[in-house]
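Below is one structure; the comments refer to it alone.
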Amino acid sequence: MIQRPRGTRDFGPAEMAKRRKVEQAMRDACARFGFGEVVTPTFEHSELFTLRSGQGIIDEMYVFKDKGDREMALRPEITAAVIRFYVNEMSTMPKPLKLYYLGNCFRYENPQSGRYREFFQIGAELIGTKTPETDAEIIALAVNCIRSAGLENFVVRIGHIGILKSLVKDQIKDEATAAEILRMLDKEDFDAMGDVFDAKALPRGLFDKIVSIADIKGGIDELNNLEDSDATRHLREVFDVLKLYGIEECQVDLGIVRGLDYYSGMVFEVDAPRLGAEKQILGGGSYTLSELFGGEPVFSTGFAIGIDRVVLAVEAEGPIKTPAPLDAYVIPAKDDMRKYAFGIVARLRSQGLKADVDIMRRNLSKNLKYAASVGASYAIIVGNEEMAKRSVTLRDMKTGKQQVVLVDEVGSAIIGSSK
RNA sequence: GCCGGGGUGGGGUAGUGGUAUCCUUGGGGACUGUGGAUCCCUUGACCCGGGUUCAAUUCCCGGUCCCGGCCCCA
């Protein structure tokens, strides 16, 4: 027997119904915000991703040589591809350009709860603008996606990378040390950071200042403890617009750093506290990536949501309700009724109902059992007595109640009952 | 890459140094229109490799996969 590769999953019909419901809710949210869908290749030149994220990620990607000896990689994320697409073919489109995507991504990591080697992301990129309104729009969309997906318990943390980044870069001249300190900040590893300060004989006062800024978490008023700067003014405006959008559950968290260089402004993350170790369901921020891929510098803001984790988090709050897989299952009461059954199921299908019919020539009892076990809402029993009056028996599989209905009216009777 | 816990039919289980229990599910039949019942028949399993042994599903080692955690997290 051939096993499924480590860290991958098969999704059956019941699970896909739930996943599609969550996905569709988030797609609809993107459409409501005026974002258009794009699809990019599942694999790209691996350079696209190393340009974005550094050589180090090679170890965590599925990289391979194709038959033309080109080095390719299964995409570990989709933002880079969208920006490549933009630089290649969409750079003259009207701004702001609003794009969203949904697709599978691959990372060679050790699987654990909420972490797989093949996983699914939905994300959005808002290209060509850097106003606070832009950041607010992206955050509003992110929150809308998550709410639409049905998640109630989540925490939105918004920061501004410029505050700490400019402080660290201004005060620490050695670039490597500065980068190391930013990385430790992101992990909130202040002990290790203190060691670096001691080792490099950096001023203790700077350490205390960094720690106190990184520690700023809470309402927007927390910014009052800082001296005014472009970054704080920007954040305040973002929060103002979010409030106008009716989004008030966001917190300030200046400890978010998100290591990479091209993140320059607003950054944000969303956690679902119920998930435990892998609780971050979204990450995003504003960046200037286009230059990296040979385009003009363009400001962008975007985010990516981990769909698998959203599904896990929503289910942790309660079962995801999906419609019955089948509206009606048509059962001939006796063999000589079979020929009528197909015409009836065809009519139901043409009316847009999910309808099925016995094709295994089973008896009534077994067919009822089948209808129940596949989750049909109704069984339609086609028998001699009813057909003599151009009727069938409509059995509600949930209650067991039956009524005789004219063939011409079965479809509308079912449609009416589901309203 | 590392750590902990696991792998017996499709699912859930019992058990054992001499190849396996029960439930459920799947398929078929009886019951000749409601028995989503009941009865009968039937398909189907000890993760893989090596070692110890007369004999390994059982004991040992390695691998693999699953669950969770660390590292990492674009």
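The analysis underlying the following values was restricted to heavy atoms, covering all of them including side chains, and did not include hydrogens, waters or symmetry mates. Keep in mind it's a predicted model, so treat the numbers as computed, not measured. Residue numbering restarts at 1 for every chain, and letters A, B, ... go by the order of the sequence lines.
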What does the B/S/- profile of nucleotides 41-47 of chain B look like, 5' to 3', with a 4.0 Å heavy-atom cutoff to protein? -------
Ring-face cation contact, [Y] with [X], 6.0 Å cut, 45° max:
| X | Y | answer |
| --- | --- | --- |
| A:R117 | A:Y108 | yes |
| A:R9 | A:Y116 | yes |
| A:R19 | A:F11 | yes |

Which protein N or O atoms sit under 3.5 Å from an N or O of nucleotides 2-8 of chain B?
| unit_1 | atom_1 | unit_2 | atom_2 | d |
| --- | --- | --- | --- | --- |
| B:C2 | N4 | A:N110 | ND2 | 2.4 |

Using the [atom1] atom as the reference point in each nucleotide, state the distance between [N] and [M] in Å, no decimals.
| N | M | atom1 | value |
| --- | --- | --- | --- |
| B:C47 | B:G11 | P | 13 Å |
| B:G17 | B:U58 | C1' | 7 Å |
| B:G9 | B:G50 | C1' | 26 Å |

A:L368 side chain: which of B:A30, B:U34, B:G26 is closest?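 Among the listed nucleotides, the one closest to the side chain of A:L368 is B:U34.
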Which of these nucleotides, B:A74, B:A37, B:A30, is closest to any side-chain atom of A:K369? B:A37
Along RNA chain B (nearest heavy atom to each residue), the more 5'-positioned of A:K334 and A:Y108: A:Y108
Here's a test of your reading of the structure: between A:R117 and A:A277, which maps to the more 5' nucleotide of RNA chain B? A:R117
Looking for any heavy atom pair under 4.0 Å, which part of the strands does [X] touch: base, sugar-phosphate only, or nothing?
| X | answer |
| --- | --- |
| A:G7 | sugar-phosphate |
| A:M360 | sugar-phosphate |
| A:R4 | nothing |

At a heavy-atom distance below 4.0 Å, what parts of residues 377-387 of chain A sit against RNA chain B? A:I381, A:G383, A:N384, A:E385, A:E386
Give me the residues of residues 293-311 of chain A where at least one heavy atom lies under 4.0 Å from an atom of RNA chain B, by number, or none. none
N/O donor-acceptor pair under 3.5 Å between A:D271 side chain and A:P273 backbone: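 Flag not set: sc A:D271 to bb A:P273 has no pair under 3.5 Å.
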Would you please name every residue forming a ring-ring contact (aromatic ring centres under 6.0 Å, His included) with A:F190, sequence neighbours left out? none
Applying side-chain contact (heavy atoms from CB on, under 4.5 Å), can you list everything that pairs with A:D356, at least two apart in sequence or on another chain?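 For A:D356 the side-chain contact (heavy atoms from CB on, under 4.5 Å) partners, ignoring immediate neighbours, are A:L326, A:Y329, A:R349, A:Y370.
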Does a side-chain N or O from A:S365 land closer than 4.0 Å to OP1 or OP2 of B:U34, or not? no
Would you say A:R362 reaches B:G27's phosphate, i.e. side-chain N/O to OP1/OP2 under 4.0 Å?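 Answer yes for this pair, as a side-chain N or O of A:R362 is under 4.0 Å from OP1 or OP2.
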Do the side-chain N and O atoms of A:N110 and A:R115 include a donor-acceptor pair separated by under 3.5 angstrom? no
